[in-house]
Asks: 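Attaching a single structure in structure tokens format; questions to follow.
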There are 2 protein chains.
Amino acid sequence: MTKKFPSPEAIAAWARLVRVSRQLVERTEDALKANGLPPLAWYDVLHELAEAGEGGLRPFELIDRILLAQYSVSRLLARLEADGLVEKLPVSDDGRGQTVRITTSGREMRRRIWAVYGASIADQMGDKLSAQDLKTLASLLGRLRNPPISD
Amino acid sequence: MTKKFPSPEAIAAWARLVRVSRQLVERTEDALKANGLPPLAWYDVLHELAEAGEGGLRPFELIDRILLAQYSVSRLLARLEADGLVEKLPVSDDGRGQTVRITTSGREMRRRIWAVYGASIADQMGDKLSAQDLKTLASLLGRLRNPPISD
DNA sequence: TCCTTATCGATGCAATTGCATCTATATGGA
DNA sequence: TCCATATAGATGCAATTGCATCGATAAGGA
């Protein structure tokens with residue numbers, strides 16, 4: 001960690017970034033709760049698994065994609081399985097592991113969550129900034145990532 | 001909640017925003033932990049109280065400034081008090097309430113946290129974007145806020 | 001004054017999270 | 001083959017969080 005201090009612009013941008021993202025996520029979580037739906041993290045997993053298709057994903061692959069701790073994923077999957085939204089299959093060539101696949105009702109739940117989640121994104125982002133501004137925003141944010149995304 | 005779907009640009013910007021802010025905050029929290037310092041939330045409170053000066057702040061005023069639930073603030077203040085970083089004073093004209101004031105060691109702790117926090121902001125934001133880009137970013141984010149900030 | 005309602009802050013309890021560690025299997029070298 | 005080490009995933013326990021509610025004081029109207 002370099003020993004130095006941030007510019008006023010960096011501080012202002014940081015504060016905005018942290019505040020705004022918290023507010024947006026919170027509003028979305030509230031909307032989900034209000035509709036009796038599970039938290040965003042569930043969507044993230046269901047989304048990744050839906051993308052992965054029939055082959056499913058190993059839990060450790062999921063850890064890379066959604067950024068959660070190993071134990072968080074382990075428990076999240078246990079809850080999803082208990083709700084019948086995913087199924088765990090033993091994997092032939094690695095006795096330690098398993099493959100997680102989304103079920104039909106998992107896909108159904110994903111759709112129901114998206115109805116609320118997508119609307120929340122539209123309300124909170126699409127309605128506030130033009131397509132051009134959204135691209136600029138994404139690009140600037142991409143440069144903050146680690147590793148940065150140039151696009 | 002309007003029933004509609006977000007544009008691809010809105011989805012991309014949302015994903016970036018959520019991911020990047022999570023990553024940045026996480027790295028900062030890790031840096032604090034690595035230096036044996038308390039979480040960011042402590043800094044937020046100490047910062048607000050330092051700004052407020054001798055008069056201190058009522059807990060409910062703190063709730064407005066840092067966006068935390070009432071019970072979170074109540075417990076956070078209890079921990080800060082237990083660590084001698086803040087002190088609670090009865091308030092004369094309202095028997096229900098109290099005034100919270102930062103102590104000398106609270107100011108000291110704030111400085112120590114800032115040494116790490118500020119460096120993290122500089123590393124993660126100041127070094128990645130120009131002052132102009134940081135202003136653009138803050139401005140775009142401001143328009144996502146509720147209520148929006150025009151600047 | 002009395003009563004109803006609102007506000008301030010704390011807290012019991014259940015659920016969730018974080019940390020450390022565990023079990024089981026895999027891998028690679030002697 | 002045997003052993004040391006690494007990786008996959010689960011879990012016990014303590015700390016933290018979220019929800020609901022509580023106790024206490026305040027405010028406002030009848």
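Basis for what follows: all heavy atoms, side chains included, without hydrogens, waters or symmetry-related copies. Convention: sequence-line order gives letters A, B, ...; per-chain numbering from 1.
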Asks: Taking protein heavy atoms under 4.0 Å as touching, what does nucleotides 12-17 of chain D look like 5' to 3' if B marks base contact, S marks sugar-phosphate-only contact and - marks none?
Replies: BB--SB

Asks: What I want to find out is whether B/Asp123 reaches B/Lys128 closely enough, with some N-O distance under 4.0 Å, to be called a salt bridge.
Replies: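 Not counted as a salt bridge, because no side-chain N and carboxylate O are separated by less than 4.0 Å.
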
Asks: Could you pull out all residues at least two apart from B/Glu108 that satisfy side chain to side chain donor-acceptor pair (under 3.5 Å)?
Replies: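 So B/Glu108 forms a side chain to side chain donor-acceptor pair (under 3.5 Å) with B/Arg111.
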
Asks: Please output the side-chain donor-acceptor pairs of residues 83-98 of chain B that fall under 3.5 Å, not counting sequence neighbours, one pair per line with the distance.
Replies:
{"residue": "B/Glu87", "atom": "OE2", "partner": "B/Arg101", "partner atom": "NE", "Å": "3.4"}
{"residue": "B/Glu87", "atom": "OE2", "partner": "B/Arg101", "partner atom": "NH2", "Å": "3.2"}
{"residue": "B/Asp94", "atom": "OD1", "partner": "B/Arg96", "partner atom": "N", "Å": "3.0"}
{"residue": "B/Asp94", "atom": "OD1", "partner": "B/Arg96", "partner atom": "NE", "Å": "3.1"}
{"residue": "B/Asp94", "atom": "OD2", "partner": "B/Arg58", "partner atom": "NH2", "Å": "3.4"}
{"residue": "B/Asp94", "atom": "OD2", "partner": "B/Arg96", "partner atom": "NH2", "Å": "3.0"}

Asks: Assuming nearest nucleotide by heavy-atom distance, tell me which of A/Ala69 and B/Val73 is located more 5' along DNA chain C.
Replies: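 Closest to the 5' end, via its nearest nucleotide, is B/Val73.
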
Asks: Suppose the criterion is ring pair (Phe, Tyr, Trp, His ring centres under 6.0 Å): which pairs have a residue in residues 131-151 of chain B, not counting sequence neighbours?
Replies: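 Counting only pairs at least two positions apart or across chains, no ring pair (Phe, Tyr, Trp, His ring centres under 6.0 Å) contact touches residues 131-151 of chain B.
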
Asks: I'd like to know whether NZ of A/Lys135 has more than 12 heavy-atom contacts from other residues, nucleotides or ligands below 6.0 angstrom.
Replies: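 No, NZ of A/Lys135 has 12 or fewer neighbouring heavy atoms, counting only those of other groups under 6.0 Å.
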
Asks: Decide yes or no, distance alone: a donor-acceptor N/O pair under 3.5 angstrom between the base of C/dA10 and the side-chain of B/Gln70.
Replies: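 Side chain to base: pair found, below 3.5 Å.
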
Asks: To the nearest angstrom, how far is B/Leu68 atom CG from D/dC19 atom C1'?
Replies: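 Going from CG in B/Leu68 over to C1' in D/dC19 covers 16 Å.
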
Asks: Is there a donor-acceptor contact under 3.5 Å from the side chain of A/Ser21 to the main chain of A/Leu17?
Replies: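 Such a contact is found between A/Ser21 side chain and A/Leu17 backbone.
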
Asks: Not counting sequence neighbours, list each pair that qualifies as a ring pair (Phe, Tyr, Trp, His ring centres under 6.0 Å) and has a residue in residues 9-30 of chain B.
Replies: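 Of all non-adjacent pairs touching residues 9-30 of chain B, those that pass ring pair (Phe, Tyr, Trp, His ring centres under 6.0 Å) are A/Tyr117-B/Trp14.
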
Asks: Below 4.0 angstrom from OP1 or OP2 of D/dG18, is there any side-chain N or O of A/Lys33?
Replies: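 Result: no.
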
Asks: Can you list, by residue number, the residues of residues 82-99 of chain A that have a non-hydrogen atom closer than 4.0 angstrom to DNA chain D?
Replies: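 The answer is A/Lys88, A/Arg96, A/Gly97, A/Gln98.
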
Asks: With B/Thr28, which residues qualify under side chain to side chain donor-acceptor pair (under 3.5 Å), at least two apart?
Replies: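 Checked B/Thr28 against side chain to side chain donor-acceptor pair (under 3.5 Å); matches are B/Ser120, B/Gln124.
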
Asks: For residues 61-75 of chain B, which residue pairs qualify under salt bridge (charged side-chain N to carboxylate O under 4.0 Å, His left out), counting only residues two or more places apart or in two chains?
Replies: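 Qualifying pairs, neighbours excluded: B/Glu48-B/Arg65.
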
Asks: Contacts to DNA chain C from residues 38-54 of chain B, heavy-atom cutoff under 4.0 Å, which residues?
Replies: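 Those residues whose heavy atoms fall under 4.0 Å from DNA chain C, taken from residues 38-54 of chain B, amount to none.
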
Asks: Starting at CD of B/Glu51, measure out to CD1 of B/Ile102 and round the result to the nearest 0.5 Å.
Replies: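 Reported to 0.5 Å precision, the distance equals 10.5 Å.
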
Asks: Can you list every pair that meets salt bridge (charged side-chain N to carboxylate O under 4.0 Å, His left out) and has a residue in residues 6-24 of chain B, with sequence neighbours left out?
Replies: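 Output for this query lists A/Asp151-B/Arg16.
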
Asks: Can you list, in residue-number order, the parts of residues 56-65 of chain B that come under 4.0 Å of DNA chain D, counting heavy atoms only?
Replies: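 Those residues whose heavy atoms fall under 4.0 Å from DNA chain D, taken from residues 56-65 of chain B, amount to none.
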
Asks: Please step through side chain to side chain contact (heavy atoms under 4.5 Å, CB included) for the pair A/Tyr71 and A/Leu76, ending with a clear verdict.
Replies: CA-CA 8 Å; A/Tyr71 63 81; A/Leu76 183 43; over 6 Å; no

Asks: According to side chain to side chain donor-acceptor pair (under 3.5 Å), who are the partners of B/Arg143, at least two apart in sequence or on a separate chain?
Replies: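 B/Arg143: side chain to side chain donor-acceptor pair (under 3.5 Å) contacts with A/Asp133.
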
